[in-house]
Student: 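The structure under discussion is supplied below as structure tokens; questions concerning it will follow.
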Amino acid sequence: MTSHPYRITVMGAGAIGKLVAAGLAQSGQAVSLLVRREQQAAALQENGIHVMAANGSRTVVPILATAEGSQLTSDLVILTVKSFDTLTSAKQIAEMNGVPFVLSLQNGLGNDEQLTAVLPNERILLGIGTYGATSLSDYEVAMRGQGEWIIGGRGGNRRVAEQVRAIFANARWKIRLSAAMQQEIWKKALINIGINPLTAIHRVVNGEIARRQELREQAGAAVDEAGQIAVRMGILSPLEAAQSIDRMLEICRLTAGNRSSMLQDIERGRRTEIDSLNGAIVRFGESLGADTPINRQLTWQIKQLEAGRV
Ligand code: KPL
């Protein structure tokens, strides 16, 4: 990447997009927020990003927001869009001035394959995050749980990954590098596979999954089934897969007051990321000849909710 200041574009202004853009802008980085709707761009331009901390305090961070990406020149694009928008976003990035580095901070399985279908491998960084954030409006976000970012270079680009790590650390985020992002992405997906559908179906905050025995057991069973697929695919060791249930419950407690992204999507009548989470497990299972009834059932239930049938 070029010398300071980095020109950073955060693509997608959901809860995580707003949180990241605000944090980086506050730390002095030149940040633009690229959104899809003109109306949201206008709201962000006019109000800035409002970040509500756990203690209720509100910080207003002025931000440059636009719905017109072809005008932007960036050194780094941070992708926070939903997993079903990854391919479209990758094509949009490919048309930007110059080819920036791209850091995916998204949920779900399969984002990396979609990015590499369009963008050069050595420009792609992958990341996951376990922060809890709830979007309150087009320009307001509530921080609801401390987590961490884990990032790494897809094409082994450790130098750029280290620069990005330093940028995030400077913005006071907890962040670490990993040389095994494929495993990290699966471990994070296993967390979402337990928490997200059950919070959305039962309309509860994350903490309830760890607190209520029947939800804890259902979430654990979904994670266990998905973990076995990860083991059969040679991605996680049996021990790593077994540890995923405890990790999922730990994230429930760390983000106890948060509404999961899937619950937020259902509440707003939007499409969810079920296809790249529990739905992906069903597909991988099918290709291995393994039945995954728990994840199939959860996928079906979320699809019913998406379609407004329940
Ligand atoms: O990733 C999340 C999500 O909601 O999608 C967690 C970490 C579970 C926070 O809610």
Side-chain angles (χ1 to χ4, degrees), residues 12-20 23 51-54 78-86 103-111 126-136 141-151 173-176 181 184-212 215-216 218-220 222-223 226 243-268 270-281 295 298-299 302 305-306:
I16 291 297
K18 288 196 280 271
L19 198 66
V20 168
V51 183
M52 261 60 85
I78 301 176
L79 199 57
T80 69
V81 301
K82 298 285 180 192
S83 47
F84 49 79
D85 278 332
T86 303
L103 168 64
S104 158
L105 289 184
Q106 300 169 277
N107 272 346
L109 301 168
N111 293 306
L126 299 172
I128 53 111
T130 47
Y131 283 90
T134 300
S135 196
L136 302 178
V141 60
M143 173 92 171
R144 299 228 169 109
Q146 288 293 337
E148 67 169 344
W149 303 110
I150 305 174
I151 65 163
W173 295 106
K174 192 173 171 209
I175 183 162
R176 67 181 164 89
M181 278 315 297
E184 300 294 353
I185 287 169
W186 269 81
K187 285 184 197 167
K188 171 70 200 301
L190 292 182
I191 292 170
N192 292 120
I193 280 166
I195 298 177
N196 291 23
L198 286 158
T199 49
I201 292 164
H202 298 279
R203 315 264 169 155
V204 293
V205 291
N206 296 355
E208 289 296 290
I209 303 291
R211 214 180 56 78
R212 281 165 49 179
L215 298 184
R216 194 168 62 232
Q218 285 176 47
V223 174
Q243 287 167 340
S244 291
I245 299 179
D246 283 346
R247 180 82 182 119
M248 181 266 297
L249 294 173
E250 186 192 343
I251 298 299
C252 286
R253 293 184 198 105
L254 288 172
T255 63
N258 197 45
R259 302 179 92 70
S260 78
S261 54
M262 196 169 282
L263 172 57
Q264 294 180 54
D265 289 335
I266 290 294
E267 285 175 331
R268 295 195 177 99
R270 293 195 188 143
R271 183 174 170 190
T272 72
E273 295 183 297
I274 195 74
D275 285 330
S276 65
L277 292 167
N278 309 70
I281 296 304
N295 283 282
L298 289 172
T299 305
I302 293 296
L305 285 173
E306 281 180 347

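Below, all heavy atoms of this structure are taken into account, side chains as well, without hydrogens, waters or symmetry copies. Atoms within each ligand, like the ligands themselves, are counted from 1 in listed order.
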Student: Taking the minimum heavy-atom distance to atom 10 (O) of ligand 1, which of Leu263, Thr255, Asn206 ranks first?
Tutor: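 Among Leu263, Thr255, Asn206, the closest heavy atom to atom 10 (O) of ligand 1 belongs to Asn206.
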
Student: Go through the structure and list residues passing salt bridge (Lys or Arg N to Asp or Glu O under 4.0 Å) with Arg270, not counting sequence neighbours.
Tutor: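 Arg270: no salt bridge (Lys or Arg N to Asp or Glu O under 4.0 Å) contacts found.
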
Student: I would like to know whether Gln106 and Thr86 meet side chain to side chain donor-acceptor pair (under 3.5 Å); could you show each step before the answer?
Tutor: CA-CA 9 Å; Gln106 300 169 277; Thr86 303; 3.0 Å; yes

Student: Would you say the side chain of Leu215 lies within less than 4.5 Å of the side chain of Val204, judging by non-hydrogen atoms?
Tutor: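 In short, these two side chains touch, coming nearer than 4.5 Å.
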
Student: At under 4.0 Å between heavy atoms, is it the side chain or the backbone of Lys188 that contacts ligand 1, or both, or neither?
Tutor: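 It is the side chain that touches ligand 1; the backbone stays farther off.
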
Student: Regarding atom 6 (C) of ligand 1: of the candidates Asn192, Thr130, Leu277, which has the closest heavy atom?
Tutor: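 Heavy atom nearest to atom 6 (C) of ligand 1 belongs to Asn192.
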
Student: Looking at ligand 1, does any of its N/O atoms fall within less than 3.5 Å of an N/O of Asn258?
Tutor: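 Yes; at least one N/O pair falls below 3.5 Å.
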
Student: Do any pairs count as a salt bridge (Lys or Arg N to Asp or Glu O under 4.0 Å) and have a residue in residues 252-262, sequence neighbours left out, and if so which ones?
Tutor: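 Qualifying pairs, neighbours excluded: Arg259-Glu267.
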
Student: Please lay out, stage by stage, how Thr255 and Thr130 fare under the test side chain to side chain contact (heavy atoms under 4.5 Å, CB included).
Tutor: CA-CA 8 Å; Thr255 63; Thr130 47; over 6 Å; no

Student: Provide the number and element of each atom of ligand 1 under 4.0 Å from a heavy atom of Asn107.
Tutor: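 In order of number, 1 (O), 3 (C), 5 (O).
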
Student: Within ligand 1, which atoms have a heavy atom of Ser260 less than 4.0 Å away?
Tutor: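 Numbered from 1, ligand 1 contributes 4 (O), 10 (O).
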
Student: Determine whether Leu103 and Leu79 make a side-chain contact, defined as any pair of heavy atoms from C-beta on separated by less than 4.5 Å.
Tutor: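 No, every pair of side-chain atoms sits at 4.5 Å or beyond.
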
Student: For ligand 1, note which part of Ile191 has a heavy atom under 4.0 Å away: side chain, backbone, both or neither.
Tutor: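 Neither; nothing of Ile191 gets under 4.0 Å from ligand 1.
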
Student: Starting from atom 4 (O) of ligand 1, what is the nearest protein heavy atom, named by residue and atom, and what distance separates them?
Tutor: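 Heavy-atom neighbour on the protein nearest atom 4 (O) of ligand 1: Ser261 N, 2.8 Å.
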
